[in-house]
Amino acid sequence: MLEEVERWLIERSWSVSDRPLHRILAAKRASGQTVSVVLPALNEEATVGDIVSVVRHDLMLQAPLVDEVVVIDSGSTDRTSEVAAAAGATVVHRDAILPRLPAVPGKGEVLWRSLLVTRGDIVCFVDADLREFSSDFVTGIVGPLLTDPGLQLVKAMYDRPLTVAGGGATGAGAGQGGRVTELMARPLLNMHWPQLAGFVQPLGGEYAARRGLLEQLPFPVGYGVELGMLVDALHLVGLDALAQVDVGVRKHRHQDGQALGRMAAAIYRTAQLRLARAHLLRPSLTQFERAGDAFEPRTHSVDTEERPPMRDIAEYTARRVA
């Protein structure tokens with residue numbers, strides 16, 4: 001791991017408990033900044049209402065941290081919109097935002113359009129399929145932006161147990177980032193953007209950023225949005241303006257193998273477009289393991305050496321002649 005990243009892990013990786021809510025609220029009052037929470041949603045009637053209810057109860061009614069909760073429905077065929085509205089969210093359909101520009105399917109499209117219908121100085125994105133949701137997901141990533149004016153983007157990190165049939169967790173993989181993260185995104189970042197190797201959950205859907213930064217970033221329309229945003233933010237504001245916060249455990253609906261393949265392809269294509277700007281290569285991979293109350297990095301070299309075709313080896317040629 002780069003020395004710069006080792007330092008960043010110490011200075012820019014925190015726990016949600018590092019910033020008590022009273023400190024965050026004091027910083028919000030002093031700065032006058034507003035906070036928007038955005039949930040991109042597609043057929044999430046089973047979970048979206050609970051998330052909205054927790055945010056409203058904990059961070060609007062009990063503590064005035066969040067100024068608005070907005071659910072962007074990207075074409076649900078279930079009762080996502082009705083459930084979200086009943087829970088107290090402002091619900092906007094994706095196609096109603098910027099109607100002169102026809103919408104295309106994809107999560108990034110929804111996040112991009114959400115900037116047009118929110119007003120917060122800080123925008124906090126939360127996936128709408130989370131189960132057993134805690135408001136720590138919001139306070140954890142919004143808090144550093146309110147208390148540290150030098151930060152621009154903060155991502156959540158967490159344990160992400162893989163559930164099996166029946167809803168139980170396998171018990172394996174604590175601290176790991178998810179299948180697409182470990183098999184696609186983490187290798188890409190480690191080898192091409194090694195400054196970002198310290199992010200435990202680079203593809204996580206829970207992150208907050210200043211509107212001024214989001215306004216300057218291109219948004220890949222699909223699942224590549226999180227990787228693209230990290231890479232572009234790194235180039236625009238630098239590593240020290242980025243941070244991550246441990247918020248505990250994230251439980252959500254897992255995708256099947258084919259859906260994961262489509263996600264991986266979108267992420268790879270997003271990386272391709274950015275690699276066309278400047279080629280970087282570092283053949284090592286940093287992964288993370290839970291150790292007590294922290295995530296510890298483990299760096300491994302990546303095999304890059306290749307053997308030539310056997311027909312180019314003299315001994316092989318000699319054997320064939322004999």
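These numbers come from a predicted model, not from an experiment.
- Between R290 and D159 there is a salt bridge, since a side-chain N of the basic residue sits under 4.0 Å from a carboxylate O of the acidic one.
- Remark: side-chain polar atoms of R269 are not paired, donor with acceptor, to backbone N or O of A264 under 3.5 angstrom.
- Counting only N and O atoms by type, the side chains of D129 and T47 include no donor and acceptor under 3.5 Å apart.
- Residues F199 and W193 place their aromatic rings such that the two centres sit no closer than 6.0 Å.
- Residues L236 and Q216 have side chains in contact (heavy-atom distance under 4.5 Å, counting atoms from C-beta outward).
- Looking at E11 and R7, a side-chain N of the basic residue comes within less than 4.0 Å of a carboxylate O on the acidic one, giving a salt bridge.
- A salt bridge between E68 and R119 is present, with a side-chain N of the basic residue lying under 4.0 Å from a carboxylate O of the acidic one.
- Of the possible donor and acceptor atoms, one in the side chain of Q244 sits under 3.5 Å from a partner among the backbone N and O of V200.
- Looking at every heavy atom in both residues, D232 comes nearest to P218 through OD2-CG, 3.3 Å.
- Closest heavy-atom contact between V110 and P40: CG1-CB, 3.8 Å.
- At a threshold of 4.5 Å between side-chain heavy atoms, the hydrophobic network of Ile, Leu, Val, Met, Phe, Trp and Tyr places L61 and V54 in two separate groups.
- With contacts defined as side-chain heavy-atom distances shorter than 4.5 Å, the pair D58/V138 does not qualify.
- Between the side chain of N190 and the main chain of T286, a donor-acceptor pair closer than 3.5 Å is present.
- Side-chain atoms of S74 come within 3.5 Å of backbone atoms of A41 as a donor-acceptor pair (strictly under, hydrogens ignored).
- V225 and P220 get closest at one heavy-atom pair: CB-O, 3.5 Å.
- Between I141 and F125, every side-chain heavy-atom pair lies at or beyond the 4.5 Å cut-off.
- Taking every heavy atom of both residues into account, E226 and G204 meet most closely at CG-O, 3.4 Å.
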Show your reasoning for whether side chain to side chain contact (heavy atoms under 4.5 Å, CB included) applies to L183 and V180.
CA-CA 5 Å; L183 297 176; V180 177; over 6 Å; no
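- Looking at R19, its side chain never comes within 3.5 Å of a backbone N or O of V142 through a donor-acceptor pair.
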Salt bridge (charged side-chain N to carboxylate O under 4.0 Å, His left out) for K155 and E206? Distances and angles first, verdict last.
CA-CA 6 Å; K155 291 197 69 98; E206 290 69 47; over 6 Å; no
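- Under the 4.5 Å side-chain criterion, counting only non-hydrogen atoms from C-beta, L214 is in contact with F219.
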Show the numbers, then the answer: is there a side chain to side chain donor-acceptor pair (under 3.5 Å) between Y207 and Q201?
CA-CA 10 Å; Y207 49 98; Q201 298 287 353; over 6 Å; no
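- Using a 4.5 Å heavy-atom cutoff, the side chains of V126 and V38 are not in contact.
- Looking at D246, its side chain never comes within 3.5 Å of a backbone N or O of Y158 through a donor-acceptor pair.
- Using a 3.5 Å distance cut-off with no hydrogens or angles, the side chains of D50 and S53 do not pair a donor with an acceptor.
- The side-chain heavy atoms of L146 and S31, taken from C-beta on, include a pair separated by under 4.5 Å.
- Contact check on R113 versus D95 returns no salt bridge, with no Lys/Arg side-chain nitrogen under 4.0 Å from an Asp/Glu carboxylate oxygen.
- With respect to the salt-bridge test (charged N to carboxylate O, under 4.0 angstrom), the residues K107 and D127 qualify.
- Put simply, the side chain of L39 does not reach to within 4.5 Å of the side chain of V70, judged on heavy atoms.
- Salt bridge absent: E109 and R94 never bring a charged side-chain N and a carboxylate O closer than 4.0 Å.
- Between L234 and L239 there is a side-chain heavy-atom pair separated by less than 4.5 Å.
- Side-chain N or O atoms of D78 include one that pairs as donor or acceptor with a backbone N or O of E45 at under 3.5 Å.
- Heavy atoms only, all atoms of each residue included: A85 and V91 are closest at N-CG2, 3.6 Å.
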Verdict with supporting geometry, S76 and D73, side chain to side chain donor-acceptor pair (under 3.5 Å):
CA-CA 6 Å; S76 298; D73 190 333; 2.8 Å; yes
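- Judged by distance alone, with hydrogens and angles left aside, the side-chain atoms of E6 form no donor-acceptor pair with the main-chain N or O of L2 at under 3.5 Å.
- Not a single donor-acceptor pair under 3.5 Å links the side chain of T270 to the backbone N or O of G228.
- Checking side-chain atoms of W8 against main-chain N and O of S13 turns up no donor-acceptor pair under 3.5 Å.
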Evaluation steps, side chain to side chain contact (heavy atoms under 4.5 Å, CB included), between C124 and F137:
CA-CA 10 Å; C124 174; F137 275 76; over 6 Å; no
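- Linking ILVMFWY residues whenever their side-chain heavy atoms come closer than 4.5 Å, directly or via other members, leaves V104 and V117 in distinct clusters.
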Show your reasoning for whether salt bridge (charged side-chain N to carboxylate O under 4.0 Å, His left out) applies to K28 and D67.
CA-CA 11 Å; K28 184 178 191 289; D67 297 280; 3.2 Å; yes
